[in-house]
There are 2 protein chains.
Amino acid sequence: MAKRVSHRDSMCGVARPLDAIGDWWSLLIVRDAFDGLRRFGEFQKSLGLAKNILSARLRNLLAHGIMETVPAADGSPYQEYVLTEKGRGLFRLLVALRQWGEDFFFEPDEAHVLLVDRKSGLPVRRLELRAQDGRVVGAEDTMVRLPSA
Amino acid sequence: MAKRVSHRDSMCGVARPLDAIGDWWSLLIVRDAFDGLRRFGEFQKSLGLAKNILSARLRNLLAHGIMETVPAADGSPYQEYVLTEKGRGLFRLLVALRQWGEDFFFEPDEAHVLLVDRKSGLPVRRLELRAQDGRVVGAEDTMVRLPSA
DNA sequence: TCGTATGGTTTCAATTTGAAACCATCGTCT
DNA sequence: AGACGATGGTTTCAAATTGAAACCATACGA
């Protein structure tokens with residue numbers, strides 16, 4: 001499962017997470033988990049992927065501490081898969097992915113699901129990246145800086 | 001390259017983008033492009049991946065309109081690969097990935113590159129998702145709603 | 001006790017990946 | 001002109017991954 005590390009011996013801040021969730025299915029499983037799915041069968045039905053693959057992906061998510069198994073919930077003798085704190089940390093990544101999809105993968109008039117604020121029922125705003133002083137910044141306004149400097 | 005569609009005939013707002021950039025390398029190429037890399041050889045050296053794979057990934061990024069080739073820049077007879085508007089739209093997704101990585105993939109004292117505001121030189125804030133009324137909202141505060149409702 | 005629902009593992013063919021070798025074009029040096 | 005290196009790929013082929021289907025195991029209810 002662990003892909004080869006990049007030619008540098010230490011993986012950068014983007015590559016390292018990709019090793020954990022860098023495949024098609026894992027993120028979809030996490031998204032379904034955010035939507036409340038918990039059971040092996042639920043994930044399989046929702047995603048329509050082969051059971052062996054789902055099994056492998058869940059194992060990988062468990063190994064990376066993104067999900068964990070909990071013994072039961074409704075009394076059934078099975079275990080359930082739930083997001084850990086680390087897994088819940090993927091929320092904004094999923095939102096970013098969804099918003100990018102809305103921007104570029106749907107026709108303007110094409111219907112698609114909306115992420116809405118529970119309290120108001122209104123759609124959420126776009127994700128915003130701000131500088132310390134509160135300015136919204138984009139790619140042009142930022143750069144990466146090496147550790148020590 | 002096009003993976004099988006989920007069991008539903010129409011891919012959801014998260015799955016559709018994943019079809020375009022849902023593999024390990026593509027996002028790393030895009031990240032390098034944000035860092036100013038443009039040439040085939042630069043990407044290959046930076047990422048250390050096989051040339052045939054890089055070739056296939058670039059072709060895929062071009063096909064999805066995430067990158068495009070431009071004839072030249074410094075007069076050399078080669079083409080260069082640059083991000084399109086759609087590609088630049090991935091900025092916040094990369095930031096989300098990076099911030100998640102910082103949160104969970106590095107020891108607290110482990111050095112890592114920082115994304116800083118060019119103007120001030122200070123690290124940027126965390127990505128924020130807000131409701132219409134300006135409240136910062138998390139996963140618990142949101143839900144997805146079907147198109148028409 | 002038989003059937004069924006759930007949650008997997010095993011098997012095996014097909015696809016994808018990736019390392020290495022090869023090829024093509026351009027510019028330069030002699 | 002001819003040799004040569006740099007750049008940007010494609011081809012080849014073995015190894016790893018994927019995925020569909022079959023199989024297995026356990027719990028439960030009729």
Side-chain angles (χ1 to χ4, degrees), chain A residues 1-9 11 15 18-29 32-33 36-64 67-82, chain B residues 1-9 11 15 18-29 32-33 36-64 67-82:
Chain A
M1 190 62 59
K3 319 268 192 188
R4 235 183 25 74
V5 129
S6 142
H7 73 300
R8 299 192 169 282
D9 47 338
M11 291 170 83
L18 279 178
D19 191 47
I21 42 119
D23 74 285
W24 223 75
W25 292 120
S26 297
L27 255 190
L28 289 176
I29 293 171
D32 275 359
L37 271 55
R38 306 165 69 91
R39 298 278 284 258
F40 188 94
E42 290 180 315
F43 292 115
Q44 206 220 333
K45 189 148 65 72
S46 166
L47 298 173
L49 81 175
K51 295 204 286 182
N52 52 348
I53 304 298
L54 176 56
S55 183
R57 289 298 174 273
L58 286 172
R59 231 191 325 268
N60 189 42
L61 290 170
L62 296 176
H64 277 96
M67 303 188 79
E68 64 189 340
T69 51
V70 298
D74 62 341
S76 46
Y78 305 110
Q79 59 185 355
E80 298 184 337
Y81 298 86
V82 300
Chain B
M1 192 63 59
K3 318 268 193 190
R4 232 183 25 75
V5 130
S6 143
H7 72 301
R8 297 192 169 281
D9 47 339
M11 289 170 84
L18 279 178
D19 191 48
I21 43 120
D23 74 285
W24 223 75
W25 292 119
S26 297
L27 256 190
L28 289 176
I29 293 171
D32 274 0
L37 271 54
R38 305 165 69 92
R39 298 280 284 260
F40 188 95
E42 291 179 315
F43 292 116
Q44 207 221 333
K45 188 148 65 72
S46 166
L47 299 172
L49 80 176
K51 295 204 287 183
N52 52 349
I53 304 297
L54 175 56
S55 182
R57 289 297 174 275
L58 285 172
R59 228 189 330 266
N60 189 42
L61 290 170
L62 296 176
H64 277 96
M67 303 188 80
E68 64 189 339
T69 52
V70 297
D74 61 342
S76 45
Y78 305 110
Q79 58 185 355
E80 298 184 336
Y81 299 87
V82 300

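Reckoned from all heavy atoms, side chains included, excluding hydrogens, waters and symmetry mates. Chain letters run A, B, ... following the sequence lines, proteins first, then strands; residues in each count from 1.
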Shortest non-hydrogen pair, W25(B) vs I53(B), comes out as CD1-CG2, 4.0 Å

So do the side chains of S55(B) and R59(B) get within less than 4.5 Å of each other, counting heavy atoms only? yes

Quick one: pull up CG in D32(B) and CG in L47(B) and give me the separation to the nearest 0.5 Å. 4.5 Å

Tightest non-hydrogen contact, residues M67(A) and L58(A), listed as SD-CD2, 4.2 Å

Taking atom P of dG8(D) as reference, at what distance in whole Å does atom CD of E42(B) sit? 8 Å

Between protein and nucleotides 24-30 of chain D, map the contacts as a letter string: B base, S sugar-phosphate only, - none, heavy atoms under 4.0 Å, written 5' to 3'. ---S---

To the nearest Å, give me how far apart CZ (F40(B)) and P (dC23(C)) are. 18 Å

Nearest whole Å is fine: how far is dT15(C) C1' from I53(B) CD1? 12 Å

Estimated bend of the helix from dT1(C)-dA30(D) to dT30(C)-dA1(D) (axis per five terminal pairs, rounded to 10 degrees): 10°

Are any non-hydrogen side-chain atoms of V70(A) and R38(A) less than 4.5 angstrom apart? yes

Here the distance between atom P of dA20(D) and atom CG of L54(A), to the nearest Å, is 13 Å

When rounded to whole Å, the CG to C1' distance for the pair L58(A) and dG7(C) reads 11 Å

I need the CG-C1' distance between L49(A) and dG7(C), as an integer number of Å. 14 Å

Closest contact, heavy atoms only, Y81(B) versus L62(B): CE2-CD1, 4.0 Å

R59(B) side chain near dG8(D) phosphate (N/O to OP1/OP2, under 4.0 Å): no

Counting only side-chain nitrogens and oxygens, does S55(B) get under 4.0 Å of the OP1 or OP2 atom of dG9(D)? no

Atom-to-atom span, NZ of K45(A) to P of dT6(C) - whole angstrom: 9 Å

Heavy atoms under 4.0 Å, any strand shown: does F43(A) hit a base, just sugar-phosphate, or nothing? nothing

What's the closest nucleotide to the side chain of R39(A) if the choices are dG19(D), dT6(C), dG18(C)? dT6(C)

Is the shortest heavy-atom distance from the side chain of I21(B) to the side chain of L61(B) under 4.5 Å? yes

Taking the side chain as every heavy atom from C-beta outward, state whether L37(A) and K45(A) have any atom pair closer than 4.5 Å. no

Phosphate contact (dG8(C) OP1 or OP2) by Q79(A) side-chain N/O below 4.0 Å: yes

Protein-nucleotide distance (W25(A), atom CH2; dG19(D), atom C1'), rounded to Å: 10 Å

With R39(A), which residues qualify under salt bridge (charged side-chain N to carboxylate O under 4.0 Å, His left out), at least two apart? D74(A), E80(A)

Q44(A) side chain vs F40(A) backbone, donor-acceptor pair below 3.5 Å: no

For the side chain of A50(B), counting heavy atoms from C-beta on, which of dG9(D), dG18(C), dG19(D) is nearest? dG18(C)

Winner on side-chain proximity to N52(A), out of dA19(C), dG19(D), dG8(C), is dG19(D)

